[in-house]
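Let me begin by presenting the structure, written as structure tokens, before commenting on it.
First the proteins, then the strands, lettered A, B, ... as listed; each starts at 1. Please read all numbers here as calculations on a predicted model, not as lab measurements.
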Amino acid sequence: MTAAIEARGLVKRFGKTKALDGIDLTVEEGRVLGVLGPNGAGKTTAVRILATLLKPDGGTATVSGLDVVHQATAVRRKIGLTGQFASVDEDLTGMQNLVMVGQLLDLTTRQAKIRASELLAEFDLTDAAGRLAKTYSGGMRRRLDLSASLIGRPAVVFLDEPTTGLDPAKRDDVWDMIRALVKQGTTILLTTQYLEEADALANEITVIDHGSIIAHDTPQGLKRQVGGQTLEVRPTDVASLPRVRELMIRFGTREPEQPAPDLLSVPVTDESALTQVVAALSAENISVSELSLRLPSLDEVFYSLTGQNRTAADATTTKGAAA
Amino acid sequence: MLRDSLILARRSVVKMTRNPEQFIDVTLQPIILTVVFVFIFGGAIAGSTGAYVEFALPGIIVQTIMFTSLTIGVNLNTDIQKGIFDRFRSLPIARSAPLFGAVLGDIVRHSIAITVTLVFGAIIGFQFQTPWWHVAIAILLIITFAVSLCWVSVLIGMLARSAGAVQGLSFLIVFPLTFGSSTFVPASTLPTWLQGWVAINPVTHVIESMRGLLTGSTSVAGDTTTGQILWVIASCVVLVGVFFPPATWAYRRKI
Ligand SMILES: Nc1ncnc2c1ncn2[C@@H]1O[C@H](COP(=O)(O)OP(=O)(O)OP(=O)(O)O)[C@@H](O)[C@H]1O
Ligand SMILES: [Mg+2]
């Protein structure tokens, strides 16, 4: 297999900010890489460099074997980009937006119209096709932007936080669409702030922060590193908290945390933890108002990976910079 | 490259029809200006509205075109701010296509404005005193001047932070150019200190050329229309020479 996306030591500075501090990324053809990171981690910067919109200050990158700096036009023939902020023309209709992009991709007007209708249907925008994009909701704009990036049936697709701002149903639609692309053999690099999303879609996950890679693994491997799922229990009666804590220690991989005064959470690795906890709770006659099993949040991922609290870590760096 | 520019020019024209403000700029505005100047000030300045329409119409065309030619910077700036340029930049098109598309779109805009003004002028009594090909040269000349001037706007549009700033700066440039000229009153009636500026202001020469080409006379005594046209061509060369290189440089930095 050849690498569809290959980046070595990418560095990008904006004034004093080092947005990227030597990033390596490899995505094999037909695979999905999830780039996971908090605000300001450098996700957008990395995507923009790979999609030829920014020039790196250091390092090299190729897409489909073509250099993103020296063969930018050739790279642009291979890629589709959905940026973090929709790049659609608000004064054109959804249809006109897509037809224009199709024409710029050397389709005839007829071909462009056919392709545009296909995509509008796929993204549930057919009814809004004749409306100006400025009348679209945020989610519709996002889907229009996504359609625009797929018109040329690109071999490599970059999606910068593709589901941020979408409601759960539309998010699922976008996930399905991404899976369909993968089935057609498309290589995808997507950025996200949610482990859940990376886990659902990606073959491999790279976690970045402050422009550096802090972890790279398969979703399974990463979940193992960060303690799999998180079990959360909220007893109806606060008085039973100590007993709930006792019980959670048995299933958890470490001491339970108390994110809220009446809530306990603990990472678990065993898939059957939930049923076991339910059984144990009912055996002890403890009633709960909330019981859930979820993937860790980005904050928890960072806590597990770096051993420090993200907000605390940020506070130290800010102080350090100010000093 | 040409096809891409045409596609993008079409976009800019479609956008103009969608944007009431810009559409009014090239349709209603010249009509209103004509009405205001010819019927309200005409009697006072030239003695009769009929004589004044002959005098003022070329100036109104030039003024409309001046203002229109500066919208390109505002539009390009908006496109960059709103992220549409990111879409263009991720497509395999010539880097210059969005810029030339915008210029081509502007030429359409200018043609609409000129047609509207000439037709409306003819309705209210403007009489063409010259052969048709003089009129054709007049139209060509004013569009050439507008395309030469638009690089000033492109440069501002690429350097300014917001579309509002582009608009403000552009007006600062256009006002002395249009009002410090013989647009509305003959140069000889202006105060002497202003006459110096009016005489070197390229817009004066554009207007005098237009007057010469459309009505067969210029308001500057002793100047031939051919002389004025040569002045205009010279100013176009200077405008392009001075502003095209930095404008395209600034543009390339953005795209
Ligand atoms: N054009 C720019 N000028 C100056 N600084 C910038 C610019 N673009 C990005 N940065 C800085 O570079 C760093 C990385 O930004 P980037 O947008 O890549 O982060 P991100 O991971 O995409 O964040 P988010 O989740 O908020 O989208 C940030 O500190 C940001 O402030
Ligand atoms: Mg981002």
List, one per line, each side-chain donor-acceptor pair under 3.5 Å for residues 64-75 of chain B, sequence neighbours excluded.
residue, atom, partner, partner atom, Å
T64(B), OG1, I60(B), O, 2.8
T68(B), OG1, T64(B), O, 2.6
S69(B), OG, I65(B), O, 3.4
S69(B), OG, M66(B), O, 3.0
T71(B), OG1, T68(B), O, 2.6
N75(B), OD1, Q22(B), NE2, 2.8

Test item: R89(B) and L81(A) side chains (from C-beta on) under 4.5 Å apart, heavy atoms: no

Does the side chain of M100(A) reach to within under 4.5 Å of the side chain of L8(B), using non-hydrogen atoms? yes

Calculate, to the nearest 0.5 Å, the distance between atoms [atom1] and [atom2] belonging to [X] and [Y] respectively.
X      : Y       : atom1 : atom2 : value
T82(A) : D86(B)  : OG1   : CG    : 11.5 Å
R11(B) : L104(A) : CZ    : CG    : 9.5 Å
I84(B) : E90(A)  : CD1   : CD    : 7.0 Å

Atom NZ of K82(B): over 12 foreign heavy atoms under 6.0 Å: no

Does NZ belonging to K78(A) count more than 12 external heavy atoms closer than 6.0 Å? no

Any salt bridge between R87(B) and D145(A), counting N to O under 4.0 Å? yes

Does the side chain of Q96(A) pick up a donor-acceptor pair with the side chain of R18(B) at under 3.5 Å? yes

For each of L92(A), T52(A), T73(A), V101(A), tally heavy-atom pairs with chain B at distances under 4.5 Å, and name the one with the top tally. L92(A)

Option in S149(A), A51(A), A86(A) with maximal non-hydrogen atom pairs under 4.5 Å from chain B: S149(A)

Identify which part of L105(A) has an atom lying under 4.5 Å from any heavy atom of chain B, answering side chain, backbone, both or neither. side chain

Of all heavy-atom pairs between [X] and [Y], which one has the smallest distance, and what is that distance?
X       : Y      : result
S87(A)  : G83(B) : CB-O, 2.8 Å
D106(A) : R3(B)  : CA-NH1, 3.6 Å
R76(A)  : L91(B) : CD-O, 3.4 Å

